[in-house]
Amino acid sequence: MSDRPDTPILEIDNLSISFFTRAGEIPAVTDFSARVMPGQALGLVGESGCGKSTVALGVMRDLGGSGRITAGRIRFRGRDIAAMSEAELRGIRGAEIAMIYQEPMASLNPAMTVGRQLAEVPMLHERASRRDAMDRARAMLADVRLPDPDRILRAYPHQLSGGQQQRIVIAMALMARPALLILDEPTTALDVTVEAGIIRLIRELGRRHGTAMLFISHNLGLIRETCERICVMYAGEAVEEGTVAQVFAAMRHPYTQALFRAIPLPGTDKNARPLKAIPGNFPLPHERPQGCNFGPRCDHFRAGLCDLRPVPMEPVARSDGHATRCLRHREIDWSAGADAGPGRAPAPAGEVVLEARGLGKVYEVAGGPLSRGGKRVVRANEALSFTAREGETLAVVGESGCGKSTLARVLMGLETASAGEVYLDDRAIGDVPVQRRHRRTVAQMQMVFQNPFDTLNPAMTVGRQILRALEVFGIGADAAQRRARMLELLDLVKLPRAFAGRMPRQLSGGQKQRVGIARAFAGNARVVIADEPVSALDVSVQAAVTDLLMEIQRAQRTTLIVISHDLSLVRYLADRVAVMYLGHIVEIGPTAAVFAPPYHPYTQALLSAVPIADPGVEKTEIVLDGEIPSAMEPPPGCPFQTRCPRKSDVPDNRCERELPALRTMGDGHEVRCHLAEEHLRAMTPVFRAAASG
Amino acid sequence: MPGFVIRRLGTMLLTALCLTFIVFALTNMQPRLETLAKTQGSARMSDAEVQSWLAREGFDRPMLERYGEWLGVVPGWTREQADGTLRGRCIDRAGDAAAGTRCGVLQGYWGSSTRFNAEVGAVIGARLGATGMLMLWVVIVMVPSALAIGVLAGMREGSRTDRSLSTVSIVSTATPEYVSGVIFIALFASSTFGLSPLLREWGLMEANTLFLGNARSAMDRITFWNFTLPVMTIAMYGMGYIARMTRASMAEVMTQQYIRTARLKGASFPAVVLRHALRNALIAPFTVIMLQFPWLLNGVVIVEVLFSYPGFGWALVEGASNNDIELLLACSVVAVIVVLATQLISDIGYAWLNPRIRVG
């Protein structure tokens, strides 16, 4: 079926979806309207719980037993989805509307070969024979650029990497040449360089087949790079809609603006232009305020206007198709800069607190009791050397499997180093496991974990958990003193003192992470290792937690070691950065030096893979091919040589033969690369100010 | 795969060796031997006579040596009697020429049964054959119906089908064989009580009872009439358990994201269940089903006695009540082998069902 370019593929009019549970009706989406034209991509952004995935499942009419469309209409190619029979619906699902999911591993059947899962689509919808379907699947695998299609068709999903799995899910969605593709956070579970490849593929395929797309993401940068139109959602409503250019350049809703100010764009700086967190919390569905949903958190809130009745969507004057759900959008001065408060003076770094010299960690993997063969060795860390000074933030970045978490475990004493040394002040701690460390050493070196949901004991009050840490660290002479200290710690992380008696389940994600931070700082820690401290949190909360960490650091002159894959965050808060690849530090230096040329080719690719939500920034696109090699069989020579786009610039195959040494580029900036000095110096910056106009 | 099986067989052999030794030691404890002497000789033997009887029968030597003889790795004992004739373990079986040779399990000699006055091997073989028939029918009835109930209940968790089937399976697991067997006999196999008199009154049935409460005739010919009750009694008990496991596993699989993927591919509900859910849902209960087999032996003991079906369980009870040491020993070995073999099958089958597990 061909679509006329001027009739929408998907029309959603005033859609409301509710879930009916024992507790009553929970409205997930209210009064949502959108249109997707043929070949167009609409981005749906918002924080978790804003209803964006519910919209997607509503389009597929797959809301489970408890979800129901309570008002409005969804029309696909003019047909009302709600009025279709089950059989009609089956005819559309997978054939005309296809979906790509967040977690590729979970979305593929673990007990079925990839080939059978792919072939099922044409067999279902076109009654193709198994042989024809398999041929189509093989052709489609080439389309999504998977090497060796025959091997992959026979493979089970667990035998493929995350990026390959997502390519399979994409291939499966495209098998029947759908008119509409729904992408629900398609790259959230993937590494940035893999994400960049997937995004390029989706864009290309969309262009080639003219597929319309509904792209759901919490990442504004991704939406900017993939979509023509964007719809921002908040608490079940669309709050602003328009073309990407309109919304990114001239946003007309306070929530959109607050969202942009809460994410670390290339222009932000922790001292001069700090992030601005959105105050308050995301309202739960049954706690939504009267009037404007965003009202209680809005800087422009006016009582007596914004809190009276539901706010309708209004078109923005002098712009086609740009609409906002704000009553005051004509009055607000949108060009006013963020009221960020006075800039802070950079804190000078002090003495060296933590030092690693040639640190290495090797795991021996026995092949399990059933397998033959000897032990295999995983080289998680190799010859890492770095220092961290008092009051300084050192960031360790790299993709999954690069050894950054192993490094944290060795520093904490959860593992002991296989080679080299770690010094905290002057004490060697590299080979001392945490059980044998002095209580004071343990208190001085603490950790903030990635997932605040799993790291608090669900059966203990918040206060009790902090008290427990104080007891372990031997702080305070008696219970009363410790209690006083616990309340001080709650003040420190800006939680009300009444939270001492609460259970973790009563806290939001951001609040839980604050408890985690209070626990880490309970014993006056000198070094705090933060392993992806905000990646499990929503954008609006991330800024607040990041700020809190830096404020405490400033006051207590703590050394922060931030482990992260989020380069925007790292650029924002780190003083120095170490880039890791396959167990090696490939580049280390002051943040400004690492984020500007000369780069290690891996750093360059990593930077270019980060989606940027700022229309004022242009970036060079470098997409890496291939997969990260296994740490069990690292390539000879330079660890990055298998994927390096610059390998041909180095004569005599040196990259394949010898491991490059760390070379000083001046000012504490070191790069582990064979490229000649002039090649490195000649690199252009990944980010540039966009040519105006 | 072959390497894995060979290694597992090696482990099995070792385990069997250890377990049989433990059982051998337990069945050959001194008080048991004394009881044996009194039952075989005379109940009024004096202690000295008991000792000399044990010596005459070769029971007075070290435990390890006798275990070796039983296994067949040590030559059987021989001893000259007071009357000049030669007696010994192997001589009793094969005459004087066998003096000094090995005769044990490895040679196919399992000892002789005092209860049946025959070689244990022959007794066990015949009884196992009978029990094998019973087990076969139990498995044929139990496994498919349990899986069907579990899958039907689990595919729509919380539905009316689910709740009614779950109730049935809970009731059936909660009723042990000695209860259900008695109830079945009363309901279906009595000419004066339950269903049979009613059916006869209405002219729907010619025979005296609907089913036969005694399964001895099944030794000659298995019929629906004589075999239904014992099979149902065992199957009911195991069925509920397997169905519960299958239901839980199925319900969990149905909430997985790949099921949503299949649904949103446009697959119909039966296709989603059969093609995508079933294999994944069977991975967990498979182990349970295989673990259920050793358990069935339990039921076999009760049911065979209840329905007087002379199978393995019946022989075990006879052996136990008559202090038939060699028969008991052989029964234990059979049980050990059943357990180990089902474990092996379970591991191989698990790897076959679940592509994420690799053996080798």
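Below, read A as the first sequence line, B as the second, and so on, with proteins coming before strands; counting in each chain starts at 1.
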(Q) Measuring only between side-chain heavy atoms, which start at C-beta, is B/L17 closer than 4.5 Å to B/L71? (A) yes
Q: State, yes or no, whether a side-chain contact exists between B/F312 and B/I124 at a heavy-atom distance under 4.5 Å.
A: yes
Q.
Counting heavy-atom pairs under 4.5 Å with chain A, which one of B/R263, B/K265, B/Q256 comes out on top?
A. B/K265
Q.
Heavy-atom cut-off 4.5 Å, strictly under: side chain, backbone, both or neither for A/M175 against chain B?
A. neither
(Q) For A/R116, which atoms come within 4.5 Å of any heavy atom of chain B: side chain, backbone, both, or neither? (A) side chain
Q: Measure across A/M123 and A/A128 and return the closest heavy-atom pair with its distance rounded to 0.1 Å.
A: CG-O, 3.5 Å
**Q.** Residues of residues 240-248 of chain B contacting chain A, heavy-atom criterion under 4.5 Å, by residue number
**A.** none
Q: Please list, chain by chain and in numerical order, all residues satisfying side chain to side chain contact (heavy atoms under 4.5 Å, CB included) with B/A262, sequence neighbours excluded.
A: B/V272, B/H276
Q. Within a reach of under 6.0 Å around CH2 of B/W137, are more than 12 heavy atoms found that belong to other residues, nucleotides or ligands?
A. no
Q: Could you tell me whether A/D150 and A/R138 have a side-chain N and a carboxylate O separated by less than 4.0 Å?
A: yes
Q: Please determine if B/R66 forms a cation-pi arrangement with B/F24, meaning its NZ or CZ atom is less than 6.0 Å from the six-membered ring centre and no more than 45° off the ring axis.
A: no
Q. Is A/R61 close enough and on-axis enough to A/F76, meaning under 6.0 Å and within 45°, for cation-pi?
A. no
Q. With no hydrogens and no angle check, is any side-chain donor or acceptor of A/H125 less than 3.5 Å from a backbone partner on A/I92?
A. no
(Q) If you count heavy-atom pairs within less than 4.5 Å of chain B, which of A/L57, A/D62, A/V121 leads? (A) A/D62
Q | CE-CD1 distance between A/M60 and A/I182, expressed to the nearest 0.5 angstrom | A | 5.0 Å
Q. What pairs meet the salt bridge (Lys or Arg N to Asp or Glu O under 4.0 Å) rule with one or both residues in residues 270-284 of chain B, with sequence neighbours excluded?
A. A/E120-B/R275
Q: Residue by residue, scan residues 99-111 of chain A and write down, ordered by number, those that have a heavy-atom distance under 4.5 Å to chain B; if none do, write 'none'.
A: A/M99, A/Y101, A/E103, A/A106, A/S107, A/L108, A/N109, A/P110, A/A111
